[in-house]
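Proteins come first, then strands; the chains are lettered A, B, ... in the order of their sequence lines, and each starts at number 1. No hydrogens, no waters, no symmetry mates; every other heavy atom, side chains included, goes into these values.
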Number of protein chains: 2
Amino acid sequence: MERRPNIADVARLAGVSTATVSRTLSTPERVGAPTRARVLEAVAASGYRANAAARDLRQRRARAITLLAPNLANTFFSSIIAAVQEVADTAGLTVQISDSQVEGMRLAGLGADGRTDGILLLDGQLDPAMVKGWSVPIVMVCEWMPDATLPSVSTDNVAGARLAVDHLLDLGHLRIACLGGPEGNVLSAARAEGWRAALSARGVSPRPQDLIAGDFTMARGVAAAWDWAAQTDRATAVFCTSDESALGFISECDRLGISVPRDVSVVGFDDIEFSDRFIPPLTTVHQPRRQMGLLAAKQLVSALTEARPLDVAAEVLPSRLVVRASTTSPL
Amino acid sequence: MERRPNIADVARLAGVSTATVSRTLSTPERVGAPTRARVLEAVAASGYRANAAARDLRQRRARAITLLAPNLANTFFSSIIAAVQEVADTAGLTVQISDSQVEGMRLAGLGADGRTDGILLLDGQLDPAMVKGWSVPIVMVCEWMPDATLPSVSTDNVAGARLAVDHLLDLGHLRIACLGGPEGNVLSAARAEGWRAALSARGVSPRPQDLIAGDFTMARGVAAAWDWAAQTDRATAVFCTSDESALGFISECDRLGISVPRDVSVVGFDDIEFSDRFIPPLTTVHQPRRQMGLLAAKQLVSALTEARPLDVAAEVLPSRLVVRASTTSPL
DNA sequence: ATGAAAGCGCTAACAG
DNA sequence: CTGTTAGCGCTTTCAT
């Protein structure tokens, strides 16, 4: 098994210098046509492919971006990851993935070893000081950090939650519970705030029992069904701050002999693929996940390729309510 | 903004040679204790992090593996991706992701530029010749390639399908349809084969109409419900070769006023997270996705770290049937 | 136990 | 338009 051909091999084969080979491959217009042809022929003949490490070392760039999410197993991220990969691929960049819950110490020096040119951060709960220490451009996606001033792409979570709760109010519900998200999460806070704001705008004040602790997961949605069902004077509608938890909630209600929407209306947040096909189809707040991934990746990539600094702006995409069959008027 | 410190800076600061700094960081036991302390101090003081490109160039390795899937947006891959990332992270390797449907020409020379040390291939439908041309170790996951002889990790798809269909037969069903997967896919073929084998083992011969064209997607499951419903003398049970398509099928049946399992029993394949919480909960064949990801990644990573050749074996994990509420006896 | 020195393979000045 | 040359920052013989 022989070693891979390097640029010197190609140069020798074509009877030119290594510089000419390099130019032919990166800036062909700066090489004479006949020479170019000879070089290309030699490249084809030898099966030459430029070594990435050598190029990266020389150019001081990694030709790669990193996507850092709080839990890669979460299916919520799938379409975002795909969108990011698409954009990166088009720009000739590699996508590296990391899980901010798994990565240990290595998280701290993220940009420092030159392995990545930029970061797409999907976790708003990392230490702001650490994030500030990363030496490469960062764009936050979905979540954001109130403390750090970083460019971000997200949806209007407060408005989305208001839309959901307004819908429930319009339907005639007065006791509307909120199944929250993880403690300390910006999305949890924003969605709960929207819930509160929608209620108070109509002069409704939520009771303490109406804010149910959650964490966005299906498992917690299941457990929450019990919490809610055990209450006296239950809310007639529940605004779940994630679709997964809404689906878990409905599923467990069904097992408890409680029918949705007949006995309780449920709204979700995210509009994941399954929501449309659940039984009943879930009324929920749509988040354009693919759009967010596309936009964030484009911002990062273009800043990188144009060597332009990223502008620190919060790009907030509109959210919209998708009314399906999990909500109806109270009896 | 000053440049990042390099190894020479650290050496100067510690009053040693660059070789000693390098040794201190990679083989500390080969450096005298006092020297080591001084170097470490200099490292900490300067915030030095070894440049990855330089190290990769020198050592002729990338410290990275690539996960290549046919469609990153497919939520089926989430837990596999997470598992792979976990294993790689533990070994200090970076995970790169690519989509075999999106990547254009770049797919052809995958290992050639030294950007990756190994590949986890989740797509069995690539050109075998191209795959054979990759110059780094490969482990196939979930799918496999009949032509190429490559190490692979998968579940027993034929046996899994038989389990599903046997369950239906045991329940008393005689007309059992099969909603297939994508044309040319090894999983489609194996699962359809299991369906056929289970039937013929009981002396049942499927009718032509019982094999419904599919592609694993929810959308196709929805459409398949119409196909099936339009038939005269319909099958009383449907074995769907993916959970997504099963869920789509059930959902559309519901909208058509057909109840599962009362009017038709449905079995899926995969056991994705939502199946357990669907209404009705889906009877399905469980695939240990996380296990597969873990195992495949471990095999690749250990071959890499031990510089040992990968043994070309097909690791087939058992599948098992999870009986839930979407199946029952025919009337 | 430590240092000197030779590259890994490439690109970008700088010449011509 | 093309060649020469000097590194990018690191690891690793080979000496001492």
Side-chain angles (χ1 to χ4, degrees), chain A residues 2-40 42-43 46-63 92 109 111-117 135 307, chain B residues 2-40 42-43 46-63 92 109 111-117 135 307:
Chain A
E2 67 233 59
R3 81 179 190 348
R4 298 204 61 80
N6 62 20
I7 198 169
D9 297 324
V10 177
R12 209 170 303 124
L13 205 61
V16 299
S17 72
T18 60
T20 298
V21 176
S22 178
R23 282 188 206 104
T24 305
L25 264 18
S26 52
T27 52
E29 69 279 8
R30 286 207 266 166
V31 175
T35 319
R36 193 193 312 154
R38 240 172 339 119
V39 171
L40 257 19
V43 167
S46 60
Y48 170 73
R49 300 285 261 92
N51 179 287
R55 172 187 284 160
D56 289 353
L57 173 58
R58 177 63 229 231
Q59 298 189 147
R60 286 121 171 281
R61 50 196 304 243
R63 284 178 148 72
D113 62 358
R115 253 182 176 295
T116 190
D117 293 329
S135 42
Chain B
E2 67 232 57
R3 82 182 188 346
R4 298 203 61 81
N6 62 21
I7 199 170
D9 296 325
V10 177
R12 209 170 303 124
L13 205 61
V16 299
S17 73
T18 60
T20 298
V21 176
S22 178
R23 282 189 205 103
T24 305
L25 263 18
S26 51
T27 54
E29 70 279 8
R30 287 208 264 164
V31 174
T35 318
R36 192 192 314 155
R38 244 174 332 124
V39 171
L40 258 19
V43 167
S46 61
Y48 170 73
R49 300 286 260 91
N51 178 288
R55 171 188 287 159
D56 289 352
L57 173 58
R58 177 64 229 237
Q59 300 189 146
R60 286 125 172 281
R61 50 195 304 238
R63 286 181 148 70
D113 61 358
R115 255 185 171 294
T116 190
D117 293 329
S135 42

Query - Sequence-distant partners of Ser17(A), side chain to side chain donor-acceptor pair (under 3.5 Å), two or more places apart - result: Thr20(A)

Query - Pairing residues for Arg63(B) by the side-chain contact (heavy atoms from CB on, under 4.5 Å) criterion, not counting sequence neighbours - result: Arg115(A), Arg55(B), Asp56(B), Gln59(B), Arg61(B), Leu93(B)

Report task. Verify, without hydrogens or angle tests, whether Arg38(B) (side chain) and Ala14(B) (backbone) share a donor-acceptor contact under 3.5 angstrom. Result -> yes

Query - Nearest-0.5 Å distance, CG of residue Asn6(B) to CG of residue Asn51(B) - result: 9.0 Å

**Report entry** side-chain contact (heavy atoms from CB on, under 4.5 Å) partners of Leu25(A), counting only residues at least two apart
**Finding:** Val21(A), Leu40(A), Val43(A), Tyr48(A)

Query - Bend angle of the helix from dA1(C)-dT16(D) to dG16(C)-dC1(D), end axes from five pairs each (to 10°) - result: 30°

Query raised in the report: Under 3.5 Å, side chain of Arg4(B) to main-chain N/O of Arg49(B), donor-acceptor pair present?
Result: no

Report task. List the protein contact pattern of nucleotides 7-16 of chain D with one symbol per nucleotide (5' to 3'): B for base contact, S for sugar-phosphate-only contact, - for none; contact means a heavy-atom distance under 4.0 Å. Result -> BBBBBBB---

**Report entry** Qualifying residues under side chain to side chain donor-acceptor pair (under 3.5 Å), relative to Thr116(B), sequence neighbours excluded
**Finding:** Thr66(B)

Report task. Let me see the working for Thr35(B) and Val16(B) under side chain to side chain contact (heavy atoms under 4.5 Å, CB included), right down to the final yes or no. Result -> CA-CA 8 Å; Thr35(B) 318; Val16(B) 299; 3.8 Å; yes

Query - Residue pairs involving residues 5-30 of chain B (criterion salt bridge (charged side-chain N to carboxylate O under 4.0 Å, His left out); sequence neighbours excluded) - result: Arg3(B)-Asp9(B), Asp9(B)-Arg12(B)

Query raised in the report: Does Asp117(A) use its side chain to pair, donor to acceptor, with the backbone of Ala62(A) at less than 3.5 Å?
Result: yes

Query - Terminal contacting nucleotides, 5' and 3', DNA chain C versus chain A (heavy atom, 4.0 Å) - result: dG9(C) to dA13(C)

